[in-house]
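Structure, as structure tokens:
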Amino acid sequence: MSAIRAIRAVRGMNDILPDVIGAWHHVERNARDLLAAYGYEEIRPPMVERTELFRRSIGEVTDIVEKEMYTFDDRNSESLTLRPECTASVVRAAVEHGLLRTPGRRMWAMGPMFRYERPQKGRYRQFHQIDVEIFGVAAPSAEAELIVLTRRLWRALGINGLTLELNSLGSPDIQARYRARLVDHFSAHSSALDADSQRRIRTNPLRILDSKNPAMQGLIEEAPRIVEELDADARAHFDELLAMLDEAGVPYRLNHRLVRGLDYYTGTVFEWTTDALGAQGAVCGGGRYDNLVAEIGGAATPAIGFAIGLERLVALLEVQSVELPVVAPHAYLASAGTRAAILAHAVAERLRDAVPDLRLVVDAGSGSFKAKLKRADRCGARIALLLGEEEARVGQMAVKDLRSREPQSVVAIDELAGLVARSMGAG
Ligand code: HAM
């Protein structure tokens, strides 16, 4: 008889297991608190949108739209796509529900995104982002706010060593002029280009700047730089941002090769990067996209945002051995025998009523008290509450401090709440 084959997860889509969930909570809790403190409102768009939304916003000739989207026809033959990113959805929702009538609206969203990329360390087919957007602010103060906010988040999380990389892509006109110059440059040396870049000359020449191919680095270094194309307004905007960052003490690195993989950007772009994670070093990326709201059908509204990749941030916590807050149970209650088992949940509920913020686990396994004590110890509880048949009969409970060598004591069940509350204060 052959064994039934176990079903495994889809390639590139990870289970986030209980042993790492503490790191995820640490990130999510800090981000939530910080975003609320800066005046950002949470929004939760659906994970599935009409395919047209992403084609129009991210751009037809981007890697994402050309080859990475999970697109399918629903039963009504409508083409739908699992969101590869969240900005388009947030903009669509904001326009649809008239949220942008209030200028200076700040919003954030969190959840899974889907891209059919080749999975490797730090790059997955389902991954999670915290996506943050500001609408209606044309001035560089919006850029500065997003950057100081992320810096504060890294500090709150205990992460260090991230580098802020900045560039300005300018308006679509500037990008078009720059694209023409790049095409000239790369066409003149087309025999030195790899196949991917040959194709990109025609489709998306800016992306050639992103190439990691060592053989092409010299040619890329010699390429014209977009700063040379910026007009006076774009230059002044970027300079003002740099002055704000200098004033706020945020170091940055100007990276003229930073072009990003989405077509909607119209000005400043930035990434926070690390070299501690190997090839996938961008932990956070974003930029200004002043035309997208109008392109999706809303009134012209300047906008800017970023998204943090949570898998990479969590990996960084691990690499940097950041100490995470421990949320072990305060107490672990175990019973043995039928009468005691009947009483156990009632006693536990009375305790939970009486002691605010109590984290109490009721043992659910079988075995001896010794085995139960082992489980109590393993889950990190400070005290074990033991209810045997005799204790149940006389209304008492044995209490063992798992973090000291003191012998266990016996207390009346009625006095348990006070004792448990005191033990919580004992650290
Ligand atoms: P993005 O650069 O495509 O930008 O993604 C942002 C971050 O998501 C990346 O820096 C990275 O940390 C993470 N990420 C992207 N793809 C993967 C993957 N396959 N596996 C793991 N992590 C990944 C955006 O998505 C824009 N929507 C950001 C934005 C918001 N721009 C303006 N507003």
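Just so you know, ligand 1 is whichever comes first in the structure, and atom 1 is the first atom listed for that ligand.
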### Message
Given 3.5 Å as the limit, does a donor-acceptor pair link the side chain of Gln175 with the main chain of Tyr265, or not?
### Response
yes

### Task
Look at the side chain of Asn76 and the backbone N and O of Glu78, then say whether any donor-acceptor pair between them is shorter than 3.5 Å.
no

### Message
If I apply the N/O under 3.5 Å rule, does Arg123 come out as touching ligand 1?
### Response
no

### Message
For Phe114, which part has a heavy atom under 4.0 Å from ligand 1: side chain, backbone, both, or neither?
### Response
neither

### atom 31 (N) of ligand 1 [closest protein heavy-atom partner, distance rounded to 0.1 Å]
Tyr265 OH, 2.7 Å

### Query
At under 4.0 Å between heavy atoms, which part of Gln280 makes contact with ligand 1: side chain, backbone, both or neither?
neither

### Query
For Trp108, which residues count as a ring pair (Phe, Tyr, Trp, His ring centres under 6.0 Å) partner, sequence neighbours excluded?
none

#### Entry: atom 6 (C) of ligand 1 - nearest protein heavy atom and its distance
Gln129 NE2, 3.3 Å

### Message
Could you tell me, atom by atom, which parts of ligand 1 come under 4.0 Å of a heavy atom of Val283?
### Response
10 (O), 12 (O)

### Message
Show the atoms of ligand 1 that are less than 4.0 angstrom away from any heavy atom in Thr87.
### Response
26 (C), 27 (N), 29 (C), 30 (C), 31 (N), 32 (C), 33 (N)

### Task
Identify, by atom number and element, the atoms of ligand 1 in contact range of Cys284, meaning under 4.0 Å from any of its heavy atoms.
10 (O)

### Message
So for ligand 1, is Glu271 a polar contact partner (N or O within less than 3.5 Å, distance only)?
### Response
no

### Query
Counting only N and O atoms by type, is there a donor-acceptor contact under 3.5 Å from the side chain of Arg375 to the main-chain atoms of Tyr332?
no

### Query
Do Arg352 and Asp357 meet the salt-bridge criterion of a basic N to acidic O distance under 4.0 Å?
no

### Query
Between Asp377 and Lys374, is there a side-chain N and carboxylate O pair less than 4.0 Å apart?
no

### Message
Looking only at protein heavy atoms, which one is nearest to atom 26 (C) of ligand 1, and what is the separation?
### Response
Tyr264 OH, 3.4 Å

### Query
If you measure every N/O of Ala282 against every N/O of ligand 1, is any gap under 3.5 Å?
yes

### Query
Less than 3.5 Å between some nitrogen or oxygen of Tyr124 and one of ligand 1, yes or no?
yes

### Task
Would you mind running through ligand 1 and noting each atom that sits below 4.0 Å from a heavy atom of Gly285?
10 (O), 28 (C), 29 (C)

### Query
Taking distance alone, with no angle check, do Glu133 and ligand 1 share an N/O pair under 3.5 Å?
yes

### Message
Tell me the contacting part of Leu262 for ligand 1: side chain, backbone, both, or neither, using a 4.0 Å heavy-atom threshold, strictly below.
### Response
side chain

### Query
For atom 21 (C) of ligand 1, which candidate among Cys86, Gly122, Gly281, Ala109 provides the closest heavy atom?
Gly122

### Task
Would you check if the side chain of Asn167 reaches a backbone N or O of Leu258 as a donor-acceptor pair within less than 3.5 Å?
yes

## Note on the structure
Counting from 1 in the order shown, the ligand 1 atoms closer than 4.0 Å to a non-hydrogen atom of Glu85 are 25 (O), 26 (C), 27 (N)

#### Entry: Heavy-atom donor-acceptor pair, His256 side chain to Pro224 backbone, under 3.5 Å
no

#### Entry: Atom pair CG (Leu313) and CD1 (Ile308), whose distance is rounded to the nearest 0.5 Å
6.0 Å

### Message
Surrounding CG of Asp275 (heavy atoms of other residues, nucleotides or ligands, distance under 6.0 Å), is the total greater than 12?
### Response
no

### Query
Considering only heavy atoms of Phe127, which atoms of ligand 1 have at least one such atom less than 4.0 Å away?
14 (N), 15 (C), 16 (N), 17 (C), 18 (C), 19 (N), 20 (N), 21 (C), 22 (N), 23 (C)

### Short N-O contact, Arg200 and Asp63, less than 4.0 angstrom
yes

## Note on the structure
Asp131 heavy atoms within 4.0 Å reach ligand 1 at atoms 30 (C)

### Query
Are Arg260 and Glu271 within salt-bridge range, i.e. N to O under 4.0 Å?
yes

### Gly309 neighbourhood, listing ligand 1 atoms whose heavy-atom distance to it stays under 4.0 Å
7 (C), 8 (O), 12 (O), 13 (C)

